[in-house]
Asks: 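Dropping the structure in here first, questions after.
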Amino acid sequence: MPTFTLVVPAYGVQSYVTECLDSVLGQDYTDFEVVAVDDCSPDASGAILDEYAARDARIRVIHLTENVGLGRARNAGLAGARGDYILFLDSDDTLVPGALSSLAHRLEATGHPDVLIYDYARTYWHGEVRPNALAELLRSKDGPDVFSLSDRPELLDLLQVVWNKAYRRDFVTRLGLTFPAGYYEDAPWTFCSLIAAERVSVLNSVCVHYRQRRQGGNILKTVSRKHFDVFEQYDRVFSFIDEHPELDHWRPQLFRKMVDHYLTILKQPDRLPKNARQEFFHRAAADYGTYLPEGFQRPAGGRGYKYSLLERNAYSTMVGATTVAKARQALLRRQRSLINLSKRGAMGALYHSSLRVPINENLALFSAYWSRGVSCNPAAIDAALAELAPHVRRVWAVRPDSVERVPKGVEVVRVGSRAYWTALARAKYLVNNVNFGDTVVKREGQIHLQTHHGTPLKTMGLDQRKYPASTHMDFEKLLERCDRWDYSLSSNRFSTAAWERVYPCRYVSLETGYPRNDELVNSTSEDVRAARWALGLADSTTAFLYMPTHREYETEFRPRLDLARVADELGPDVTLLVRGHYFYASSPQLTALQASGRIVDVSAHPRVEELYLAADGLITDYSSAMFDYAVLDRPIVIFADDWETYSAVRGTYFDLLQEPPGAVATNVDDLIGLLRSGDWRGVSSDLLRAAFRRRFCEFDDGLAAERVVRRVFLGEKNMLPFVPFDARPHAPSPAQVLELVERV
């Protein structure tokens, strides 16, 4: 049997559970098992657990058929535990490197106590790691390394949670410990185990990083009547003492913990509904009278005064005592309001006044790529909205220097104009594939839809903090912008988990697929022929679309390929379509090369989807174009001549050289060899692409835009079902189109 069983319950943690399990599987001490419990999670948490279990036999997964809550989910894991010691690890927290080794050594050195208490540190989204404020209590003192709680009763003042302790399994079984349902389920388990343990030890070493999410993740900070569960939890604690009279001397200490806990809940503004506070106070006062130990001495000072209010059940006095604190909070709110008004004033009187006008329920404002034009996911949603909800007026925010490139018939407001600020203030729907500016106010009733513009290979959002050479971003400002989101689109579970982790805000993730990719699924042979004809491509021409990505350490687009040489080597039947990143201006080098007719600069082409349809294959380095192009199931070649530099400077989420969507070349000679030999579309490349498509194109079935419109604009709760992956069509390749033409 293993030394440790780690019980890991999971619910709604698809963005964090991977890091949690990696921290466990990466331990240098390997004698453990993991019992992971999928508490009927509504997201991909259960599937992620299964994927890990398939790769490592030490992980067993229990899938619950209904959501039972944290305590009962832990019970399910506890029932399957086989280790000598049981550890509880929440699925958004992590073990620090070497944690299990430290625990194993300490348990051995202290003769395998009933309970070992270890240290933790809080980790924050902005990178701070804050040590346990009471870590001093875990330091070695004069006396034995193994003791009972009576020798060190101050340990009761530690954060009373189960995940900072290792429990001897036969001790847990003998005591009959299980977790109750409801909030505050840790209290009866922790108090009862500590006071009953005959042999306790401590480890003054941080073993767990306790994640402090920016938003969400802590149900105890949710306004709810569920906080009344705390009364039943302390009933269980004192019932346990009644059943074990030898522990009766613990009543005063546990009474103090109970009262402090009740007062903490009453003090927090984000727990009890306003209309339940008085009822909670009276229930707390009743418990005070029920469990008051004989001869109990109240604490001194203000804390003792609050004890006396509970003892007298003096709710009105308690309310009066908090008036000053509330007045201070009101003053702070007024100050914040004045600051907001000042910011609005900086936006201009027009915007400020427009914010006071009622929202136009049938107005949608679209923007894409910092208002450079009409494109990407917002454009696809716009088209679907016109068909499914024609009553909604659709307006695009476009920079003045880009208005000429907007297709005819599209209603435009120039960024910075009066019409722009009015639309921004009054539109019910704000749709963008990046963020709107810092000065934008999120009005109550407005809906912000963040569509994103690609599956992330490179690090994004908060993960960019680890790579300072790639960004000068103000992350506080970034998250303030993201706080405006109501919905975030995703085309695969990989992206969903990434967005939720790097943009930790209160939006709803919509796993719809990318609307811009619907065209790649639904286009016909005629669409493919039209796309090639528009580019002047003959039927017999093999066209490669070359799309390198942006590099933060380069200020202008310089093709890393020797395009002239590649064109010469591949011969007259091959055309290179070259598209530079939209961050760059046009390239004089490309302009000169176009004279041959076999190199075409398509950087300014308004619709990349048409370029995808026209191309026989894609050549890229680290661009998110690979994820979209894979929807077509056409060959992809990765030209990664600077992978080590790019991944070190920008950071990436997986090793593209190990998990590519097709053939890989790391120098020009190898690339030319791949393209001339035909290996770019060989069996090996097909197999790599098939695995890549299943992972990253899982939601792209041609119905993404309709899903978005029905959910966001029409308010439908149930999204359209996905077409099974193996049953999905996609636009035919140019070769297939040519074959069809020849048959006709």
Asks: Does any part of the side chain of L510, heavy atoms only, come nearer than 4.5 Å to the side chain of V712, both counted from C-beta?
Replies: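 Yes, close enough: below the 4.5 Å cut-off.
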Asks: For E698, enumerate each residue passing the salt bridge (charged side-chain N to carboxylate O under 4.0 Å, His left out) test, keeping only those at least two apart in sequence or located in another chain.
Replies: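 Per chain and number, E698 pairs via salt bridge (charged side-chain N to carboxylate O under 4.0 Å, His left out) with R493.
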Asks: Taking the side chain as everything from C-beta on, heavy atoms only, tell me whether T645 gets closer than 4.5 Å to R551.
Replies: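 Of all side-chain heavy-atom pairs linking R551 with T645, none is under 4.5 Å.
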Asks: With heavy-atom distances below 4.5 Å as the criterion, would you say the side chains of V441 and Y351 are in contact?
Replies: yes
Asks: Mind checking side-chain contact (heavy atoms from CB on, under 4.5 Å) for R418 and listing every partner two or more places apart, or none if nothing turns up?
Replies: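 R418 satisfies side-chain contact (heavy atoms from CB on, under 4.5 Å) with L350 only.
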Asks: Among pairs that include at least one residue of residues 704-714, which meet side chain to side chain donor-acceptor pair (under 3.5 Å), considering only residues two or more places apart or in two chains?
Replies: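 Matches after skipping sequence neighbours: D701-R707, E706-R710, R710-E716.
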Asks: Quick one: side-chain contact (heavy atoms from CB on, under 4.5 Å) partners of T451, sequence neighbours excluded?
Replies: N377, P378, I381, V431, N433, L449, L489
Asks: List in chain and number order the residues that pass salt bridge (charged side-chain N to carboxylate O under 4.0 Å, His left out) with D474, two or more places apart in sequence or in another chain; answer none if no residue qualifies.
Replies: none
Asks: Do S685 and I636 come close enough that some side-chain heavy atom pair is under 4.5 Å?
Replies: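 A side-chain contact under 4.5 Å is absent here.
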Asks: Any carboxylate oxygen within less than 4.0 angstrom of a Lys/Arg side-chain nitrogen, looking at R565 and D568?
Replies: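 Salt bridge: no.
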Asks: Are the side chains of M460 and R650 in contact, using a 4.5 Å heavy-atom criterion?
Replies: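 A side-chain contact under 4.5 Å exists here.
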Asks: Apply side-chain contact (heavy atoms from CB on, under 4.5 Å) to N435 and list each qualifying residue two or more places apart in sequence or on a separate chain.
Replies: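 Partners of N435 under the side-chain contact (heavy atoms from CB on, under 4.5 Å) test: Q450, L478, R481, C482, W485.
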Asks: Show me the pairs that pass side chain to side chain donor-acceptor pair (under 3.5 Å) and involve residues 383-402, at least two apart or across chains.
Replies: D382-R394, D382-W396, R393-E411, R399-D401, S402-R405
Asks: With sequence neighbours excluded, tell me which residues meet side-chain hydrogen bond (donor to acceptor under 3.5 Å, both in side chains) with R695.
Replies: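 E659.
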Asks: Got a salt bridge between R694 and D726, using NZ or NE/NH1/NH2 to carboxylate O under 4.0 Å?
Replies: yes
Asks: Less than 4.5 Å apart, any side-chain heavy atom of T542 and any of D573?
Replies: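 In short, these two side chains do not touch, never coming nearer than 4.5 Å.
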Asks: What is the ring orientation for F627 with F692, classed by angle as parallel under 30°, tilted 30 to 60°, or perpendicular over 60°?
Replies: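 Rings of F627 and F692: parallel, under 30°.
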Asks: Decide yes or no for P456 and F494: does some side-chain heavy atom of the first lie under 4.5 Å from some side-chain heavy atom of the second?
Replies: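 Contact flag for P456/F494 side chains = yes.
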Asks: What pairs with S623 under side-chain hydrogen bond (donor to acceptor under 3.5 Å, both in side chains), at least two apart in sequence or on another chain?
Replies: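 For S623, no residue satisfies side-chain hydrogen bond (donor to acceptor under 3.5 Å, both in side chains) once neighbours in sequence are set aside.
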Asks: Taking only residues two or more places apart in sequence, or in another chain, which ones meet D616 in a salt bridge (charged side-chain N to carboxylate O under 4.0 Å, His left out)?
Replies: R532
Asks: According to side-chain contact (heavy atoms from CB on, under 4.5 Å), who are the partners of D486, at least two apart in sequence or on a separate chain?
Replies: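 Once residues adjacent in sequence are excluded, the partners of D486 under the side-chain contact (heavy atoms from CB on, under 4.5 Å) criterion are K442, I447, H448.
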Asks: Which is it for T455 and N492 under the side-chain hydrogen bond (donor to acceptor under 3.5 Å, both in side chains) test, yes or no, and what are the steps along the way?
Replies: CA-CA 8 Å; T455 293; N492 46 64; 3.2 Å; yes
Asks: Between atom CG of L561 and atom CG of D641, what is the distance when rounded to the nearest 0.5 Å?
Replies: 7.5 Å
Asks: For P732 and R634, work out which heavy atoms get closest and say how close.
Replies: O-NH2, 2.8 Å
Asks: For residues T496 and Q14, is any side-chain donor paired with an opposing acceptor at under 3.5 Å?
Replies: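 Absent: no donor and acceptor within the cut-off.
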Asks: Tell me whether the rings of W370 and H453 are parallel (<30°), tilted (30 to 60°) or perpendicular (>60°).
Replies: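 Perpendicular.
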Asks: Sequence neighbours left out, what pairs pass salt bridge (charged side-chain N to carboxylate O under 4.0 Å, His left out) with at least one residue falling in residues 537-549?
Replies: R529-D539
